[in-house]
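Note sheet for the following structure.
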Amino acid sequence: MSRKVFGNFGAIALTALVLALPSQAQDQWMWPDKPENLQVLPKDWPGSRLRAPMRGFTSALGVGCSHCHVGEEGKPLSTYDFASDENPNKNRAREMLRMLESINGHLEKIEPSGDKPVNMWCHTCHSGRPRPMTLREELGETYRAKGLDAALTHYAQLRENYYGKGAYNFEGESALNSFGYSVLKNNDAEGAIRVFKLNAERFPESGNVWDSLAEAYMKAGHMKMAEKYYQKSIELDPRNQNAKDMLKKIEEEEGE
Ligand code: HEC
Ligand code: HEC
């Protein structure tokens, strides 16, 4: 294992937000002199060298030690079994270390276009989340498991917790728009209307979000609403040919 890559974890702890250990736990617990079960990090590291990577992990994923170790959040660290591999996230994290080593190995092979090579870290992907997903993927996963109400609640919670932190793209219309289309494809036009309405509230100046809303109304058979929002879309974006075509289609059908 390259010393260089892991040596740099010291820098993570200094530059990243470091989660302080609970103070009562700090009193009663010390880093072990000799770790018993290092499989990826250098085996001869004294426990004190683990401080930087372990704190780096917690802040990169926005979790406590118990996310990867056997122990209970809030309980003193002396009650934890850090050498145990029983918590499946520990082996996941080991594989992530190997992956990062490999990624950084590839990065070292290219001539950097900036003044020095860019390294990848845990937080480059994780940005304070245990599972780094796009906003679209988050909504899709919750929708498949628990339905639309849960997905929309999840959206509100993520926005509350992560807005402005760079972990999810709340600043663009595309996540809700493409999620809305997957709801529409799932033959739930009424559900898609709810998603597109929320997107229209957030991005009222975008012709595209009103076009999507109009399409869902059309699929749901609410032609008057479809007409209204296609017109709104054209007002905002006069080049929207799709909306013009759809309006024509609605007029023709009404004429029949
Ligand atoms: C993202 C997962 C993750 C988090 C969070 C995490 N650890 Fe670890 N920890 C690991 C992994 C993986 C290893 C084993 C590394 C190896 O095999 O080289 C480890 C090893 C250790 C060891 C060495 C145990 C031994 O005897 O072999 C200690 C001590 C430890 N961690 C303490 C902590 C503390 C304290 C925290 C909270 C501040 C923490 N860890 C947070 C993943 C994590
Ligand atoms: C290239 C991007 C990337 C990097 C770098 C990365 N991860 Fe991950 N990590 C992921 C993805 C994606 C998942 C979700 C995998 C899944 O559940 O399908 C994940 C999942 C995990 C999990 C499982 C969490 C859970 O609750 O399911 C742990 C633990 C973890 N990563 C730790 C780390 C650590 C520690 C580092 C740095 C050594 C790291 N990751 C670096 C992309 C990355």
Side-chain angles (χ1 to χ4, degrees), residues 1-108 117-138 140-142 144-145 154 158 166-168:
M1 246 335 117
S2 136
R3 293 291 166 114
K4 188 168 154 257
V5 170
F6 296 127
N8 282 343
F9 275 116
I12 293 187
L14 290 176
T15 53
L17 291 170
V18 175
L19 288 185
L21 296 173
S23 56
Q24 111 262 25
Q26 243 167 355
D27 295 341
Q28 296 163 8
W29 185 80
M30 304 250 283
W31 293 89
D33 287 338
K34 269 183 173 297
E36 298 163 34
N37 186 17
L38 295 185
Q39 298 177 20
V40 184
L41 296 169
K43 285 192 198 321
D44 59 348
W45 271 15
S48 59
R49 284 199 70 169
L50 295 174
R51 179 195 290 263
M54 293 307 143
R55 289 190 170 187
F57 291 175
T58 54
S59 66
L61 274 68
V63 297
C65 312
S66 68
H67 193 75
C68 302
H69 290 289
V70 174
E72 225 177 285
E73 216 45 50
K75 289 248 172 88
L77 293 182
S78 53
T79 64
Y80 281 50
D81 183 353
F82 287 105
S84 162
D85 289 346
E86 218 173 283
N87 186 330
N89 280 330
K90 192 178 181 192
N91 271 324
R92 290 187 180 115
R94 283 192 174 113
E95 204 51 42
M96 294 282 150
L97 277 167
R98 296 186 186 105
M99 176 179 77
L100 203 56
E101 172 83 354
S102 151
I103 291 175
N104 286 327
H106 286 290
L107 289 173
E108 268 172 30
V118 174
N119 248 316
M120 284 273 279
W121 307 104
C122 310
H123 61 252
T124 317
C125 292
H126 281 270
S127 297
R129 302 158 298 172
R131 294 182 73 220
M133 287 190 270
T134 64
L135 189 50
R136 169 71 186 81
E137 286 166 338
E138 290 272 4
E141 188 176 86
T142 311
R144 289 191 300 276
H154 189 50
L158 288 174
Y168 298 101

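Predicted model only: the values in this text are computed from it and were never measured. Whatever order the structure lists ligands and atoms in, that order sets their numbers, starting from 1.
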Going by the order shown, which atoms of ligand 1 are within less than 4.0 Å of some heavy atom of [X]?
{"X": "Asn37", "value": "17 (O), 25 (C), 26 (O), 27 (O)"}
{"X": "Cys68", "value": "1 (C), 2 (C), 3 (C), 4 (C), 5 (C), 42 (C), 43 (C)"}
{"X": "Thr58", "value": "5 (C), 37 (C), 38 (C), 41 (C)"}
{"X": "Val40", "value": "16 (C), 17 (O), 18 (O)"}
{"X": "Pro32", "value": "29 (C)"}

Element-labelled atoms of ligand 2 that are located less than 4.0 Å from some non-hydrogen atom of [X]:
{"X": "Arg92", "value": "23 (C)"}
{"X": "Met99", "value": "1 (C), 3 (C), 4 (C), 6 (C), 7 (N), 43 (C)"}
{"X": "Trp121", "value": "5 (C)"}
{"X": "Asn89", "value": "23 (C), 24 (C), 25 (C), 26 (O), 27 (O), 29 (C)"}
{"X": "Met120", "value": "1 (C)"}
{"X": "Cys125", "value": "1 (C), 2 (C), 3 (C), 4 (C), 5 (C), 43 (C)"}

Query raised in the report: Does any N or O atom in Arg131 lie less than 3.5 angstrom from one in ligand 2, N or O only?
Result: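 Such a contact does occur with ligand 2.
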Judging by distance only, is a nitrogen or oxygen of [X] under 3.5 angstrom from one on ligand 1?
{"X": "Glu36", "value": "yes"}
{"X": "Leu97", "value": "no"}
{"X": "Leu41", "value": "yes"}
{"X": "Arg94", "value": "yes"}

Could you tell me the separation between the [atom1] atom of [X] and the [atom2] atom of [Y], rounded to the nearest 0.5 Å?
{"X": "Thr124", "Y": "Ile103", "atom1": "OG1", "atom2": "CD1", "value": "8.5 Å"}
{"X": "Arg94", "Y": "Asp85", "atom1": "CZ", "atom2": "CG", "value": "4.0 Å"}
{"X": "Glu137", "Y": "Arg131", "atom1": "CD", "atom2": "CZ", "value": "9.0 Å"}
{"X": "Ser48", "Y": "Met30", "atom1": "OG", "atom2": "CE", "value": "10.0 Å"}
{"X": "Met54", "Y": "Thr58", "atom1": "CE", "atom2": "OG1", "value": "9.5 Å"}

Query raised in the report: For atom 8 (Fe) of ligand 1, does an N/O/S atom of His69 lie at less than 2.8 Å?
Result: yes
Requested in this report: Give the ring-plane orientation class for Trp29 versus Phe82, where under 30° counts as parallel, over 60° as perpendicular and anything between as tilted.
Outcome: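 Tilted, since the angle between the ring planes falls between 30° and 60°.
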Query - His126 backbone or side-chain N/O/S under 2.8 Å from atom 8 (Fe) of ligand 2 - result: yes
Query raised in the report: N/O/S atom of Met96 under 2.8 Å from atom 8 (Fe) of ligand 2, yes or no?
Result: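 Yes, Met96 qualifies, because one of its backbone or side-chain N, O or S atoms lies under 2.8 Å.
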Donor-acceptor contact present, side-chain [X] to main-chain [Y], <3.5 Å:
{"X": "Asn37", "Y": "Ser84", "value": "no"}
{"X": "His126", "Y": "Arg129", "value": "yes"}
{"X": "Asp81", "Y": "Val70", "value": "no"}
{"X": "Asn104", "Y": "Met120", "value": "yes"}
{"X": "Lys90", "Y": "Cys68", "value": "no"}
{"X": "Tyr168", "Y": "Thr134", "value": "no"}

Query raised in the report: What part of Trp45, side chain from CB on, backbone N/CA/C/O, both or neither, has a heavy atom under 4.0 Å from ligand 1?
Result: neither
Requested in this report: Answer side chain, backbone, both or neither: which part of Tyr80 comes under 4.0 Å from ligand 1, heavy atoms only.
Outcome: neither
Heavy-atom nearest option to [atom], drawn from [options]:
{"atom": "atom 16 (C) of ligand 1", "options": "Arg98, Gln39, Met30", "value": "Gln39"}
{"atom": "atom 14 (C) of ligand 1", "options": "His67, Lys43, Arg51, Lys90", "value": "Lys90"}
{"atom": "atom 19 (C) of ligand 1", "options": "Glu95, Met54, Lys34, Arg55", "value": "Met54"}

**Report entry** Arg98 and Val40: CA distance, side-chain angles, deciding distance, side-chain contact (heavy atoms from CB on, under 4.5 Å) verdict
**Finding:** CA-CA 7 Å; Arg98 296 186 186 105; Val40 184; 3.5 Å; yes
Query raised in the report: For ligand 2, is Leu100 a contact, meaning one of its heavy atoms is under 4.0 Å away?
Result: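 Heavy atoms of Leu100 do come under 4.0 Å of ligand 2.
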Query - Minimum side-chain heavy-atom gap Leu38-Leu50 below 4.5 Å - result: yes
Query raised in the report: Hey, are the side chains of Val63 and Pro130 touching, using non-hydrogen atoms and a 4.5 Å cut-off?
Result: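 Side-chain contact under 4.5 Å: yes.
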